[in-house]
Amino acid sequence: MEFYHSLKAQNNIFNITRIYLLYTFILDVSFIYMAADSTNLIIVESPSKARTLKRYLGDNYQIEASVGHIRDLPKSDLGVDIENNFKPTYVAAEDKAKVISQLKKLMKNAATLYLATDPDREGEAIAWHLTEILNPSIPVKRLVFHEITKKAIQESFDHTRDIDKSLVGAQEARRILDRLWGYQVSQKLWYNVKGGLSAGRVQSPSIKIVVDREKERAKFKEGEYWSITAQFDSKGNNFESRLKEVESHKIAIGKDFGKETGVLTKSDLLALDESRATKLVEAFSKSSWLVSKIEQKPATQNPYPPFITSTLQQEGIRKLKMSSQQVMRTAQHLYEEGYITYMRTDSISLSSEALNASRNAIKKLYGTEFLPDKPRVFKSKVKNAQEAHEAIRPAGSTFQSPKDVQGNLKELEWKLYDLIWKRTLASQMKSAKLLKTNVEISDGNAIFDAKGKVIEFPGFLKVYVEDIDDPGKEKDDKESLLPPMNEGESVSATEFTPNQHFTKPSPRYTEASLVKELEELGIGRPSTYAAIMGNIQQRGYVRKVKGALIPTFTAYAVVQFLERYFTDMVNLQYTASLEDTLDAISRSEMKSDEFLGYFYFGQNSTPGLQALLDSEFDKDQSRTIMELKDENDETIAVKIGR
DNA sequence: CAGTGAGCGAGCTTCCGCTTGACTT
């Protein structure tokens with residue numbers, strides 16, 4: 001109460017447009033007289049959020065956590081009455097009995113119930129489930145804040161609202177669709193492929209992505225090509241360059257070859273083979289060379305946005321060689337100990353507290369020359385971002401530097417904190433200033449080119465450089481220097497070298513690149529990326545070998561089955577578009593039972609899930625993964641199952 | 001006669017998303 005008073009004092013209470021503020025103010029005061037021992041109950045999702053909130057609010061607020069969802073569909077039963085508008089049956093989660101009885105007890109003494117679950121689809125549903133299970137007779141208000149600061153909490157008390165039924169409807173539609181899809185299609189797998197298998201809206205597209213890549217790699221045909229590099233000398237300075245053109249024909253490189261043919265796809269390019277390369281080298285050593293073109297252009301490079309769940313996992317996997325699940329476990333620890341903000345988020349926004357802390361730290365550690373005039377604002381490009389929390393960053397209004405905390409943390413925890421601290425600071429630092437130089441050396445017939453990159457001002461690169469999956473690409477902070485030269489200047493060639501190359505297939509997915517792919521497609525949520533990675537390995541769909549994800553025979557069989565009988569369900573575009581429809585439901589533009597009706601019973605000429613479930617399944621073929629010929633040319637089928 | 005293994009039938013598996021401990025390996 002004390003806190004609320006001081007908040008009010010900061011407000012212009014005489015402002016007529018905010019007269020209802022005064023009204024709630026009076027209500028709150030009246031509680032003091034009504035019942036000295038009566039309190040307000042605030043329910044949040046996470047226990048550590050409850051602890052933080054306690055520091056801000058006085059004794060008149062009881063703050064408890066629901067610890068996530070409290071009710072769900074039953075585990076051993078479909079729990080959806082398809083004939084009755086997809087009516088769901090909910091049961092209280094077994095492990096939440098304690099939480100529920102505690103909440104019921106606290107509510108007996110409460111004057112008002114504030115539901116402060118997360119401001120997103122799932123949070124709205126948790127709030128609604130709470131009212132269903134607690135059945136409160138006291139006033140219920142929905143409280144929404146995006147960060148835990150005085151200002152944000154004050155505003156949330158000023159703008160309490162009712163539960164948003166459309167948002168709850170969208171969550172229910174999501175839940176019911178996942179149940180119908182997951183349970184019913186899984187059962188078809190048991191009867192037609194192998195017992196115990198699983199399918200679902202998220203896991204099945206995930207394994208399809210891995211299987212598709214493996215198939216692409218199997219079809220890959222290697223192509224051979226040659227390149228020529230030269231060492232040139234300008235006034236005693238050596239530099240390397242690469243043959244770009246001969247007689248106005250560009251020299252072919254790896255990406256110019258067909259992946260399934262190994263043959264050049266563009267006819268106007270020149271693909272060098274060994275003899276051609278050797279002959280050219282011979283001819284080049286007799287030529288005289290001069291600088292035919294110099295291009296210099298300044299470039300700026302902007303920092304990466306601060307971490308969200310997916311990018312934290314990617315960098316944790318790449319830089320620290322952790323798994324998705326390890327990254328999340330470690331981050332959870334850091335969060336609970338108060339070192340970082342919430343680690344399951346899809347928002348790249350930083351709160352004003354974080355912006356201040358970053359700017360102070362940058363000024364102190366690197367000086368004002370690394371500090372932009374204004375804080376940098378990032379806008380999410382991720383489809384379907386719900387942005388219930390801020391980006392992942394060091395906690396508090398002043399950031400503890402990695403050195404400060406080194407003694408308190410285990411090695412990996414410290415490394416992850418260090419990464420988060422650096423990434424956050426870098427995101428608020430000045431852009432890097434680069435000077436890119438492109439030089440062409442010609443003998444009138446062939447052209448070599450050399451690229452230079454000079455970092456004139458490092459900006460954020462001083463603190464953080466992102467790691468890369470693709471070994472062909474160069475890291476952002478890699479410099480390459482060229483000596484100063486003038487157009488028309490002659491240069492001497494010291495050496496020409498022919499190099500043999502082979503084209504490479506697309507690399508296998510890693511946990512990092514698969515999480516990235518799923519996020520770009522809008523499949524899965526921050527709280528589930530790590531679980532999906534664990535799940536597809538545990539169920540024997542994918543094996544991880546030196547970080548690379550390799551699909552098993554089971555995965556091939558399941559993907560083949562789903563593509564044949566449930567084509568849309570594993571269509572990545574379709575899966576991603578479901579999310580758009582759920583958004584429409586949350587904006588009240590569509591009703592959830594209408595959506596589920598289309599999904600299950602079909603729409604126009606598109607069959608729904610029900611029709612697909614009723615198809616005739618070819619059991620024998622579904623178990624066949626491949627057919628081989630033995631030495632007598634007899635066909636041997638490889639099947640799975642028992 | 002004891003031990004092995006084929007054959008049969010019953011019972012079970014499964015989704016996604018939100019949160020932590022309480023478990024085992």
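It should be emphasised that the depicted structure is a prediction, and the values quoted were computed from it without experimental measurement. Note on naming: letters A, B, ... go to the chains in the order of the sequence lines (proteins, then strands), and numbering restarts at 1 for each one.
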Colleague: Distance from A/Ile340 atom CD1 to A/Leu416 atom CG, nearest 0.5 Å?
Modeller: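 A/Ile340 atom CD1 to A/Leu416 atom CG measures 6.5 Å (nearest 0.5 Å).
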
Colleague: Figure out the CG/C1' separation between A/Leu197 and B/dT14, and round it to whole Å.
Modeller: 10 Å

Colleague: To the closest 0.5 Å, what do you measure between CD1 (A/Ile43) and CD (A/Glu45)?
Modeller: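 Going from CD1 on A/Ile43 over to CD on A/Glu45, the span is 11.0 Å.
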
Colleague: Return the CE to OG1 distance between A/Met533 and A/Thr528, rounded to the nearest 0.5 Å.
Modeller: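 With rounding to 0.5 Å, CE (A/Met533) is 9.0 Å from OG1 (A/Thr528).
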
Colleague: Return the set of residues passing side-chain contact (heavy atoms from CB on, under 4.5 Å) with A/Pro551 (not counting sequence neighbours), or none when no residue passes.
Modeller: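 Here the qualifying residues are A/Val210, A/Val211, A/Glu214, A/Ala555, A/Tyr556.
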
Colleague: Which pairs count as salt bridge (Lys or Arg N to Asp or Glu O under 4.0 Å) when at least one residue sits in residues 543-553 of chain A, sequence neighbours excluded?
Modeller: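 Matches after skipping sequence neighbours: A/Glu511-A/Lys544.
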
Colleague: Which pairs pass salt bridge (Lys or Arg N to Asp or Glu O under 4.0 Å) with one or both residues in residues 105-125 of chain A, sequence neighbours excluded?
Modeller: A/Lys49-A/Asp118, A/Arg121-A/Glu579, A/Glu122-A/Arg174, A/Glu124-A/Arg142, A/Glu124-A/Arg161

Colleague: Hey, where does DNA chain B pair up into stems, meaning at least three consecutive Watson-Crick or G-U pairs with distances under 3.5 Å?
Modeller: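 Correct response: none, since no qualifying run exists.
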
Colleague: What distance do A/Leu113 atom CG and A/Ile138 atom CD1 have between them, rounded to the nearest 0.5 Å?
Modeller: 5.0 Å

Colleague: Please list all pairs meeting salt bridge (Lys or Arg N to Asp or Glu O under 4.0 Å) that have one or both residues in residues 197-212 of chain A, counting only residues at least two apart or in different chains.
Modeller: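 Those involving residues 197-212 of chain A are A/Asp178-A/Arg201, A/Lys208-A/Asp212, A/Lys208-A/Glu563.
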
Colleague: Give the B/S/- string for nucleotides 15-25 of chain B, one per nucleotide from 5' to 3', where a protein heavy atom under 4.0 Å of the base yields B, of only the sugar-phosphate yields S, and otherwise -.
Modeller: BBBBBS-----

